[in-house]
*Asks:* 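Please read through the structure below; I'll follow up with questions.
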Amino acid sequence: MDAELILKQIAEEVQNCTRCPLHKARRNPVPGEGPANAQIMFIGEAPGFYEDVQGRPFVGAAGKFLDELLESAGLRRADVFITNIVKCRPPGNRDPQPEELEGCEPYLDRQIEAIQPKVIVTLGRYSMNKFLPGAKISALHGQVFKVNGRLIVPMYHPAAALHQPSLRPKVEADFAILHDVLAGKVEAHEYIAPASKSKKDGPQQLSLF
Ligand code: URA
């Protein structure tokens, strides 16, 4: 089946999904959007209020900032695929829970498989930890990692930069390297997960994905 059809099918499944309790309070699931041949895929955390209302990713304040960042990096929103690690809004925008992350993971995996993006940009720690378990965003943001043959660039979530203006120049600088990453001009590191320090943040973190 061609990638566009696969994405359509995944979106339909997400529309009807009842795999986790988030389906009970959602207005609209947000499967993600963008062309099936996108070279870059952005993965955020979860839909917020406006995304839940519209059924589209990153359309609220963080989305407006994401649009600015894309433009500043010479990228068009229409050319990239944008989605979230969790496709339905957690009530009150709380953090996604392990069962929600687990229930949603196959949708994201299938989207990646269909699109085969050259570069995946993770926005925030939840999507980062899917590919780079145990990583700290403050240490690794803006670096390029090769994970299972794919380039992963962890970045701060745009909402974090809106809440903490000192992060803004860092996020802008991270977006500015994307052209070079796409052109293969930035060296990719191998990711070595830190040894877990305690029972609490070790196995718990790793078992999410
Ligand atoms: N924050 C996210 O992580 N995703 C969205 O779609 C909107 C805000």
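The structure displayed is predicted, hence computed values, not measured ones. Atoms within a ligand are numbered from 1 in the order they appear, just like the ligands themselves. For the numbers below, each heavy atom of this structure counts, side chains included, while hydrogens, waters and symmetry mates do not.
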*Asks:* Give the minimum heavy-atom separation between Arg94 and Gln97, together with the two atoms involved.
*Replies:* NH1-CG, 3.5 Å

*Asks:* Looking at Lys8 and Glu4, is any side-chain nitrogen of the basic one under 4.0 Å from a carboxylate oxygen of the acidic one?
*Replies:*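 No salt bridge links Glu4 with Lys8.
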
*Asks:* Taking it one step at a time, do Asn84 and Tyr126 satisfy side-chain hydrogen bond (donor to acceptor under 3.5 Å, both in side chains)?
*Replies:* CA-CA 9 Å; Asn84 287 300; Tyr126 285 96; over 6 Å; no

*Asks:* Can you tell me which residues line ligand 1 if we count any heavy atom under 4.0 angstrom from one of its atoms, in chain and number order?
*Replies:* Gly44, Glu45, Ala46, Glu51, Pro57, Phe58, Asn84, His157

*Asks:* List for me each residue that meets salt bridge (charged side-chain N to carboxylate O under 4.0 Å, His left out) alongside Glu71, sequence neighbours excluded, and say none if there are none.
*Replies:*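 Scan of Glu71 (salt bridge (charged side-chain N to carboxylate O under 4.0 Å, His left out), adjacent residues dropped) gives none.
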
*Asks:* Is any side-chain heavy atom of Lys130 closer than 4.5 Å to one of Thr122?
*Replies:*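 Sidechains of Lys130 and Thr122: no contact.
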
*Asks:* Please find out if less than 6.0 Å separates the ring center of Phe65 from that of His157.
*Replies:*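 Phe65 vs His157: aromatic centres not under 6.0 Å.
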
